[in-house]
Amino acid sequence: ACGNGDVPDLEDDGATGGDDTEETAAEGDVPEVEEGDTSTLMVGLTNAPDSFNPFYRPGVAGTWIQRFFYDSLLTMPTADSFEPALGSFETEDNQVFTVTIDENANWSDGEPVTANDVAFTLNTIADPEVETSLGTSVAMIEGTNSSGVRLEEYDELPGVEVVDEKTLTITTKSPVDLAYLSEFLGFNVLIAPEHVFGDIEVADIPNSEAATMPSVFSGAYEFVEYDTDNYVHLEANPDYYRGAPEIETVYARIMNGTAMITEFQAGNLHMAAGGGIGMVPVQDISLLEDIDGLVVDEFPSFNGQYMIINNERFDDPQVRQAFAYALNRELTVENLLEGRGEVLASTYSSASPYKDEDLEPLPYDPDLAREMLEEAGFDFDTPLEFVVPTGNAVREQNGDLIEQWLSEIGVEVNQSNYDFPTWLAMANDLDYDIGLMGWGHTADPNIASYVQTGGASNNMGVEDPVIDDLIEQGMSGTDFDERYPVYAELQQHLQDEMPIVPLYSDSQFGVRVDYLNGGIKEYWAGSLHDLHEWTLDPQD
Amino acid sequence: MEDRTILEVKDLAISFQTFEGVVKAVRGVDFTLKKGETLAIVGESGSGKSVSTKAINRLLPKKNTMIESGEILFEGTDLLKLSEKEMQKVRGNDIAMIFQDPMTSLNPTMQVGKQIAEPIVKHKGVSKEEAKKQALDLMDLVGIKNPTENYKSYPHQFSGGMRQRVMIAIALACEPKILIADEPTTALDVTIQAQILGLMNKLKKELDTSIIFITHDLGVVAQMADRVAVMYAGQIVEHGTADEIFYNPMHPYTWGLLASMPTLDVGQTELYTIPGSPPNLLHPPVGDAFAPRNEFALEIDFHEEPDMFKVSDTHYAKTWLLHPSAPAVEPPEEVRRRKAKFESLYLGKGEINEMGGEALGSRS
Amino acid sequence: MRWEGKPLVAEAEKKAIVEISELKQYFNAGKKNEVRAVKDVSFSIYEGETFGLVGESGSGKSTTGRALIKLGDITGGQISYKGQDINDIKRRKDLLTFRKSMQMIFQDPYASLNPRLTVKEIIGGALKVHGMTQNSKERTKRVYELLESVGLNRQFANRYPSEFSGGQCQRVGIARALAVEPDFIICDEAISALDVSIQAQVVNLLKELKEQNNLTYLFIAHDLSMVKYISDRIGVMNSGRVLEVCEADELYIAPLHPYTESLLSAIPTPDPEAERKRVRTEYDPKYHHYDDHSNVGLHEIAPEHFIYCHKDEIALYKKKREKLLRQAKQQYA
Amino acid sequence: MKKYIIKRLLTAIPVLLMISVGAFIMMNLAPGSPTDLYVSPDATPVQIEATRRALGLDQPYHIQYFRWLGRALQGDLGINYSTRYPVLPILISRIGPTITLMGTTLVFSYLIAIPLGIISARKNGTWVDNLLTGGSFVGVSIPNFFLGLGLIYIFSVQLRWFPTGGMSELGGSGGFLSAIHHLVLPVIVLSAFYIANMTRYMRATMIQVYGENYIRTATAKGLASEVILTRHGIRNALIPVITIIGTDLPRLVGGAIVTEQIFQWPGLGRLTIMAIQQREYPMLMAITVLSAVVVLFANLLVDIMYAVVDPRIKYN
Amino acid sequence: MAQNVGNKNAEAMFHLVDAVERVNFPGNEAEQIATDGDSYIKTVAKRFFKNKVAVVSLVIFIILVLTAVFANQIAPHPRDASVGRFQAAPYDNFYLGTDDIGRDVLSRLIHGTQVSMIVGLGSVMVYVIIGTTLGLVSGYFGGFVDSVIMRITEAFMSFPFFMVILTLVSLLGSGLWVVTIVLGVLSWPPLCRLVRGQVLTLKKQDFVLAAVATGYSTPGILFIHILPNVLSPILVNATFGIATAILTEASLSFLGVGVQRPRPSWGNILSEAQSLRVLAYEPWRWIPAGILIFVAVLAINFIGDGLRQAIEGENKA
Ligand SMILES: Nc1ncnc2c1ncn2[C@@H]1O[C@H](COP(=O)(O)OP(=O)(O)OP(=O)(O)O)[C@@H](O)[C@H]1O
Ligand SMILES: Nc1ncnc2c1ncn2[C@@H]1O[C@H](COP(=O)(O)OP(=O)(O)OP(=O)(O)O)[C@@H](O)[C@H]1O
Ligand SMILES: [Mg+2]
Ligand SMILES: [Mg+2]
Ligand code: NI
């Protein structure tokens with residue numbers, strides 16, 4: 001349920017090789033911007049967008065850029081609020097949802113945005129033939145399996161019915177929280193133009209020109225050009241249904257963290273894309289804070305870093321808990337992150353409304369850890385295979401610290417480093433003892449794919465009926481008050497069983513010049529909700 | 001007799017700095033060269049023949065060469081004192097050289113004709129066309145067929161003998177007063193050698209050039225030389241006219257050289273040998289460098305370098321055997337045979353220093 | 001004086017140790033850069049004699065020598081050694097026997113000794129390969145003996161070739177050849193690179209060793225005076241062919257082939273008087289360009305005197321020989 | 001000559017095939033699949049299969065290879081796995097910057113190094129020579145990333161004379177001047193090695209040439225030393241130097257990986273790193289083959305240059 | 001002897017010297033030799049040790065090797081342990097400060113020496129073995145074998161070297177041994193060509209022909225007679241190879257695909273300077289590493305050049 005949305009996914013760093021030291025950045029023939037020019041916005045990205053295909057958005061950077069030119073039904077100004085964009089949702093029974101499309105919404109070629117476009121988009125995502133990364137966004141709709149693939153017996157999703165040009169209904173398999181549907185379907189799914197994609201074989205969509213060089217848009221901006229690994233050029237959509245954007249041109253420029261700092265110093269950037277895709281490493285944030293005229297906001301993030309444990313090999317919760325006691329997570333946050341982050345007690349950071357504020361992380365207690373291990377009959381002689389994915393400097397450094405802490409309680413580890421795909425392949429095969437992994441979570445608290453038995457990202461071999469049960473309960477809750485206690489219990493249970501050791505969540509930052517009205521919000525993924533209203537107005 | 005001396009080398013001593021130490025390659029060499037005569041320098045490999053002659057044209061590497069002492073007077077001026085610029089006017093113009101290795105002595109990437117014309121342009125200051133014309137004439141002169149066609153050839157298209165002709169043409173380009181030929185035929189076959197030697201003799205007669213001819217082949221010396229200097233271990237140990245050296249040698253090393261060569265005459269039983277091998281010039285021996293190999297060594301040879309004894313006006317030898325106190329010795333058979341010939345050639349004419357001949361021949 | 005044509009080895013004992021017939025050796029055969037190094041070489045070498053092979057550079061002397069010692073495969077013709085066709089020597093054991101019996105001494109004294117091995121290793125290696133000594137002590141002893149037999153001090157055994165003079169190196173090379181106690185030694189320009197004063201030392205040594213060990217030599221050189229001095233019989237080569245074969249003394253008195261004549265006339269002698277009088281003859285290579293090759297080959301003009309010529313020319317050469325012999329007799333009389 | 005060139009081009013074909021097979025095998029040796037990068041963690045096997053199919057990764061290796069080969073021969077080098085952009089235009093857009101960088105570097109280096117090498121050889125043994133020789137040892141020994149960082153530290157961070165990286169500047173004024181401004185540091189970093197290397201080589205060949213007999217002949221002719229140098233020395237020294245140029249030429253495309261990384265130069269080097277990190281195998285294949293083509297082409301060029309400079313060499 | 005100088009007429013001196021008497025005179029052994037009587041290796045060593053720069057470089061190299069071997073004893077702090085303040089400038093006995101997680105930079109540098117030495121020496125060993133063997137075989141046998149090996153060499157040399165290493169190392173999973181072996185396996189072609197070229201000339205030399213004529217077997221000729229004669233160029237090549245390997249490893253580590261963390265290598269220490277903060281404000285963390293790489297490579301290059309000069313006998317007057 002997570003990791004595919006607009007939430008900064010830390011893994012994306014590893015996946016695209018995109019951390020500060022290895023990131024891909026380049027300046028090329030970006031037109032020059034005169035000082036005081038208010039018509040062009042320069043945005044710094046550290047990750048290259050990988051896809052402009054509305055159905056297939058494996059990377060966060062691609063999704064983020066797509067939001068400039070494809071709108072979703074809803075926007076999400078904060079983690080727990082939604083506003084209508086292309087459409088609005090209504091429900092009475094939390095199972096049948098009526099979607100009303102904005103009267104004025106139209107495509108940049110003049111065609112209106114219709115209910116058919118929405119139905120087409122949802123149907124395409126659910127098509128078994130299609131390449132998509134959005135399965136979880138439609139998995140609640142009637143007629144799909146748990147991965148969001150349309151069941152064989154149907155040609156079209158029975159849960160999606162077009163009522164008229166601007167109205168359709170969506171029926172879920174069982175009642176769900178409106179917030180859940182709003183985030184996953186309303187916010188995560190970008191509506192694609194049927195009149196552009198409809199004629200293309202679904203299997204061919206990803207390689208088609210329509211997907212790689214989009215030309216029809218519903219968003220505030222129009223895609224002009226992507227110079228690979230260099231920049232994305234966007235121009236204002238004058239007919240945008242929510243009002244033509246103030247800033248005419250946007251360049252999203254791809255560069256590494258160091259370049260980002262120097263470009264800010266040189267006054268060549270107006271903002272950083274933030275999240276996991278446009279930020280300098282936490283340790284370098286202070287350099288940005290020193291730059292005059294730059295505003296640096298710090299927000300908690302949904303990201304979490306974890307030490308994952310091979311639960312098949314370490315089936316004793318006492319052993320796993322001992323690992324948690326052995327790690328000085330406080331030190332990591334205080335020293336490595338320079339306090340710009342928090343120690344996680346479970347998978348929920350303070351960004352999430354579902355975080356159980358009363359649950360304290362287990363303290364650092366190496367003696368206790370050692371005792372617990374001895375008591376559990378832990379085999380101190382066999383070194384642990386400890387795998388650290390490359391690509392995130394802080395995580396790698398933390399890996400070195402973990403190695404040291406474990407060896408202090410007498411547990412020897414063999415650390416090895418692999419690039420992310422290799423590590424993922426190993427993790428999938430449970431070919432490790434312990435390892436590091438980062439997850440980016442959604443505002444919705446569902447963590448099924450990570451810890452539920454058989455979950456797609458359950459690379460730990462966790463099979464805990466209690467967890468499975470709690471997750472089911474949480475999913476079926478239809479509002480916050482109903483769901484909160486379930487997740488609080490889950491958090492407690494995770495701490496007791498410790499199938500993974502939560503480490504830390506590092507803050508995310510909004511960096512912009514002080515004359516930019518707009519920019520990154522506390523809920524990062526929704527930052528672009530008011531994009532068309534952003535302005536640049538230098539005081540001088 | 002008018003003084004026809006054109007070149008005078010006085011007390012030349014040259015050393016080289018090497019990894020192993022200082023090599024004393026030339027240790028006090030004196031000789032003179034007259035107009036129109038051919039002086040042959042013979043001697044063992046490494047005896048300093050090339051070094052002494054390269055010094056004349058100042059062609060020794062500057063990096064590690066040390067001229068310890070000496071003067072090289074060319075028409076009265078000391079070449080060693082000239083500036084590099086002045087020296088360039090002498091080289092190729094007054095003093096030209098031919099080297100041993102015709103295969104590598106020509107620039108592989110330049111047409112042979114141009115290589116011949118080059119010194120003409122430089123020294124005669126004529127136009128390129130004129131130089132080319134003269135070069136073509138030279139090519140004809142040295143016996144290169146089809147000069148116009150071969151003008152444009154590159155050295156690799158020529159055989160060794162042809163290349164050596166090109167070298168001679170280059171050397172003769174400016175009608176030099178002195179031609180130094182350093183083993184010009186060693187790399188060639190006897191038949192080609194004969195052609196080249198013949199050519200040189202012919203040109204010498206036509207142009208009245210003085211030639212310093214270096215070789216270790218005594219046969220070639222006999223064919224070419226008016227006068228001969230024998231070098232051993234960086235010194236000239238004997239010099240005289242060709243007949244004096246071949247028929248009345250005084251130095252035991254010269255004896256050895258002459259005696260150890262088989263002749264085409266029939267009926268030789270065993271070759272005379274000089275035992276041992278030449279000294280290491282890193283540590284030249286005390287006294288006479290030849291003494292350790294000398295069958296006729298005197299005790300004094302091991303202590304003191306011999307003086308240059310005069311045998312005749314034209315004939316000198318650096319051996320204690322010519323000292324009045326030295327005992328008489330009997331040279332090898334081959335040498336005695338030669339001396340006999342000398343007597344038949346000259347004795348009657350009274351041109352010989354009686355003393356030398358007597359002193360040496362008396363014991364037999 | 002033996003110039004009358006009296007055979008050196010008595011007729012009865014004349015037993016060929018090497019017989020070469022119509023040897024051909026082409027390099028890069030069939031390619032553009034084909035070199036016909038040896039086109040037609042035939043001669044025999046008798047046991048106990050020294051056979052000299054002269055000729056200008058590139059005439060194929062070394063190639064013939066190398067073919068003889070089986071350093072490569074020959075293109076055509078036949079070489080037999082002690083009655084056996086060396087082409088048939090295939091098995092390693094036979095090859096070793098052959099190698100033990102025939103040795104070679106090379107031109108460049110330094111290049112023919114491995115600069116990275118000591119003299120003891122160089123000479124001892126040969127002994128070891130042929131299993132001629134049982135242990136290293138015995139081997140060392142034998143190396144010392146060999147060194148002394150070529151006139152070198154036994155202290156030299158542990159030195160490297162670079163520490164020797166050319167003449168000494170050549171002696172080491174000879175000692176290596178002698179180590180395996182061969183019957184036949186090919187000396188390919190064995191003295192050409194040496195100074196005159198050293199040449200004599202080596203030549204005397206070769207002669208002495210030959211007598212002591214009952215050796216047969218093939219002596220390749222371009223220095224005619226030395227060849228004549230050391231050889232019993234001489235073959236003259238030119239561009240891949242043997243043009244004349246005869247006894248050493250006779251060759252100088254009665255050179256029949258025009259090429260031999262010109263070669264002889266070109267050799268300078270260390271005698272100014274003689275040089276002044278010398279007349280040189282030029283050789284016109286047309287002499288061995290025959291349109292009809294059927295009757296061209298080595299023909300025996302007189303006993304032990306062969307000329308490469310057309311059958312029709314035999315009479316001519318016979319006459320020429322007689323004339324030259326007559327003149328010589330008068331001169332020496 | 002024409003025949004020779006054609007023959008050489010023909011013999012290049014098997015080498016290129018060998019290289020493409022080698023590169024292909026190398027890439028498929030790696031653990032993990034490129035699709036791991038592009039499918040989201042919770043994609044179903046069906047969806048993963050769809051992606052694999054779309055990328056052609058579902059086929060057996062040999063089919064994949066021949067399919068690649070067939071398309072490559074028609075000028076289609078495949079698509080980028082992630083963006084699905086065709087590889088060729090991206091590759092072409094990156095060649096320009098790299099050639100700009102490396103071309104400037106090489107020209108600049110040779111212009112400096114060849115005279116330096118000659119001076120060093122002529123002054124063999126003097127302090128000038130020692131200085132130049134020592135300098136060139138420093139040049140070949142200094143790691144370019146260290147030099148690069150050092151220069152950035154001094155000239156960009158402390159003195160702010162030059163930008164820290166990139167190829168052109170936003171907010172700057174002149175296109176050409178800006179390009180030069182951006183070129184200075186990376187060119188210096190890259191040149192350090194090339195200058196040093198070429199100086200050393202030029203010095204060595206010059207010394208060698210000066211030891212040749214024909215130089216002695218030229219001196220004995222009485223030619224002035226400048227004439228000897230230009231007419232007899234340099235031309236002959238250039239022959240071996242061509243070899244070095246031949247090994248340098250291929251670096252026009254692949255020589256600046258590290259430097260491009262440090263200075264964020266949008267060239268082939270950075271593209272390579274990215275392709276490796278992101279497992280863009282079609283891109284990697286294309287870069288490998290392109291580099292190999294350049295190497296082979298450079299070799300051919302070198303051989304032709306030999307024939308031009310050296311009359312002894314004739315190809316028939 | 002002195003009393004005789006200038007007394008040339010001392011009659012006593014003018015007598016012939018017989019063999020017995022001769023022995024007493026200087027410079028007169030029975031056989032006087034022409035050269036200076038040193039073995040090849042001794043000569044080379046002698047020349048080498050006359051080259052001051054090379055000797056100083058050798059001393060530096062030996063110090064580095066010893067540092068690598070005794071890193072544990074020399075380093076003031078453990079290699080991977082976070083023992084100090086985080087990101088601190090030099091203080092107390094942290095002479096070069098600490099890194100992001102409080103490890104002693106100096107100790108890590110000292111341990112980094114191991115990586116450079118292992119990669120340098122190890123990869124050279126690998127490629128020397130491959131290159132020498134193939135070169136010997138190719139050069140000696142010629143013909144078909146030769147052309148096959150030469151084609152392979154050509155293909156290897158047509159690969160963009162650094163790119164392939166980068167690709168292979170990142171695909172095979174980085175690590176000290178992977179880097180060492182990949183470097184070794186890819187670096188042999190130039191050496192192979194060098195050896196082949198040498199063999200081609202050597203096999204025509206008389207001493208090899210002499211060995212054939214003596215009856216040596218083919219391996220005997222290759223290993224007893226030819227190999228020792230190519231050792232010097234191989235040695236020189238290998239020395240430069242060490243320098244190149246150290247540089248390449250450092251570059252790889254710099255790009256993040258070299259040796260595995262937490263093992264320090266000079267290259268990955270230096271790579272931290274890609275962060276602007278480290279580059280601009282914490283020079284003690286990267287400049288020493290850079291200088292070490294530089295000094296090590298420079299020293300090895302000087303050794304290589306010294307060896308080359310000593311072997312070729314280039315005059316250093
Ligand atoms: N450039 C040099 N550096 C060092 N030593 C040198 C140099 N040139 C000559 N020598 C040494 O000087 C000595 C005399 O050499 P030279 O070339 O004059 O001998 P040569 O009589 O010409 O011998 P050859 O007959 O072999 O030509 C030799 O020992 C030689 O090694
Ligand atoms: N391996 C080879 N490949 C090609 N050509 C060869 C080879 N060996 C010899 N030749 C050529 O064969 C011809 C005869 O050479 P060979 O060495 O037999 O002559 P030679 O009479 O010994 O001459 P020299 O007196 O110079 O030693 C020469 O033209 C030579 O270039
Ligand atoms: Mg000489
Ligand atoms: Mg020969
Ligand atoms: Ni005394």
Side-chain angles (χ1 to χ4, degrees), chain B residues 17 50 53-54 56-64 84-112 114-124 152-157 163 166-167 170-171 173-174 176 179-180 182, chain D residues 118-130 132-133 203-243 303-316:
Chain B
Q17 191 77 50
S50 301
T53 46
K54 277 188 201 159
I56 297 171
N57 238 349
R58 299 235 314 254
L59 287 178
L60 293 168
K62 287 186 199 74
K63 196 176 161 195
N64 66 336
E84 185 58 32
K85 271 255 137 45
E86 291 165 325
M87 196 60 215
Q88 281 167 10
K89 289 197 196 99
V90 176
R91 289 192 196 120
N93 194 21
D94 296 321
I95 305 175
M97 291 192 89
I98 307 173
F99 299 99
Q100 167 174 4
D101 197 349
M103 301 318 242
T104 58
S105 291
L106 291 172
N107 184 345
T109 59
M110 193 187 249
Q111 296 172 355
V112 291
K114 282 199 181 146
Q115 299 192 46
I116 299 173
E118 231 182 352
I120 303 176
V121 176
K122 158 90 190 179
H123 295 298
K124 291 191 181 164
K152 287 207 159 58
S153 300
Y154 287 94
H156 70 276
Q157 294 163 316
R163 287 191 214 185
V166 174
M167 284 301 295
I170 292 175
C174 298
L179 177 63
I180 301 173
D182 189 349
Chain D
I118 293 172
I119 292 171
S120 188
R122 299 293 291 125
K123 307 259 166 182
N124 190 357
T126 65
W127 65 268
V128 180
D129 178 35
N130 289 342
L132 287 173
T133 313
R203 172 181 183 272
T205 43
M206 223 39 216
I207 287 178
Q208 200 191 347
V209 164
Y210 264 85
E212 295 284 350
N213 287 340
Y214 53 79
I215 294 291
R216 189 182 60 186
T217 307
T219 316
K221 282 179 190 174
L223 301 181
S225 44
E226 307 80 56
V227 176
I228 296 174
L229 175 72
T230 50
R231 229 182 283 165
H232 296 269
I234 291 181
R235 173 144 186 185
N236 286 296
L238 279 183
I239 297 170
V241 163
I242 290 172
T243 317
D303 287 345
I304 294 172
M305 269 156 74
Y306 279 142
V308 171
V309 178
D310 189 343
R312 283 166 296 187
I313 297 173
K314 282 266 167 331
Y315 303 114
N316 300 307

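Atom set for the values below is all heavy atoms of this structure, side chains included, hydrogens, waters and symmetry mates excluded. In what follows, chains are A, B, ... by sequence order, proteins preceding strands, each numbered from 1.
The structure places CG of B:Leu59 at 12.0 Å from CD1 of D:Ile215, a figure rounded to the nearest 0.5 Å. Going from atom OG1 of B:Thr109 over to atom CD1 of D:Ile234 covers 11.5 Å, rounded to the nearest 0.5 Å. In this structure, D:Thr219 OG1 and B:Met97 CE are separated by 11.0 Å, a value rounded to the nearest 0.5 Å.
Residue B:Lys124 places its NZ atom among more than 12 non-hydrogen atoms of other residues, nucleotides or ligands, all under 6.0 Å distant.
Contact count against chain D (heavy-atom pairs under 4.5 Å) is highest for B:Pro108 among B:Pro108, B:Ala171, B:Pro176.
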Item to check | side chain to side chain contact (heavy atoms under 4.5 Å, CB included) between B:Glu118 and D:Leu223, intermediate numbers included | outcome: CA-CA 8 Å; B:Glu118 231 182 352; D:Leu223 301 181; 3.4 Å; yes
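Under a 3.5 Å cut-off, the side chain of B:Thr104 and the backbone N or O of D:Asn213 do not form any donor-acceptor pair. Judged purely by atom type and a 3.5 angstrom limit, B:His123 uses its side chain to pair as donor or acceptor with the backbone of D:Lys221.
For D:Val309, the part lying under 4.5 angstrom from a heavy atom of chain B is the backbone only. Contact of D:Ile239 with chain B is made through the side chain alone, with heavy-atom distances under 4.5 Å. Using a 4.5 Å cut-off between heavy atoms, B:Gln115 touches chain D through backbone and side chain atoms alike. Neither the backbone nor the side chain of B:Lys62 comes within less than 4.5 Å of any heavy atom in chain D. When heavy atoms are compared at a cutoff of 4.5 Å, B:Ile95 approaches chain D solely by way of its backbone atoms N, CA, C and O. Looking at B:Met103, neither its backbone nor its side chain comes within 4.5 Å of chain D, counting heavy atoms on both sides.
The two atoms that bring B:Ser105 and D:Arg216 nearest to each other are OG-NH2, 3.8 Å, heavy atoms only. Among all heavy-atom pairs drawn from B:Asn107 and D:Arg231, the shortest one is ND2-O, 3.9 Å.
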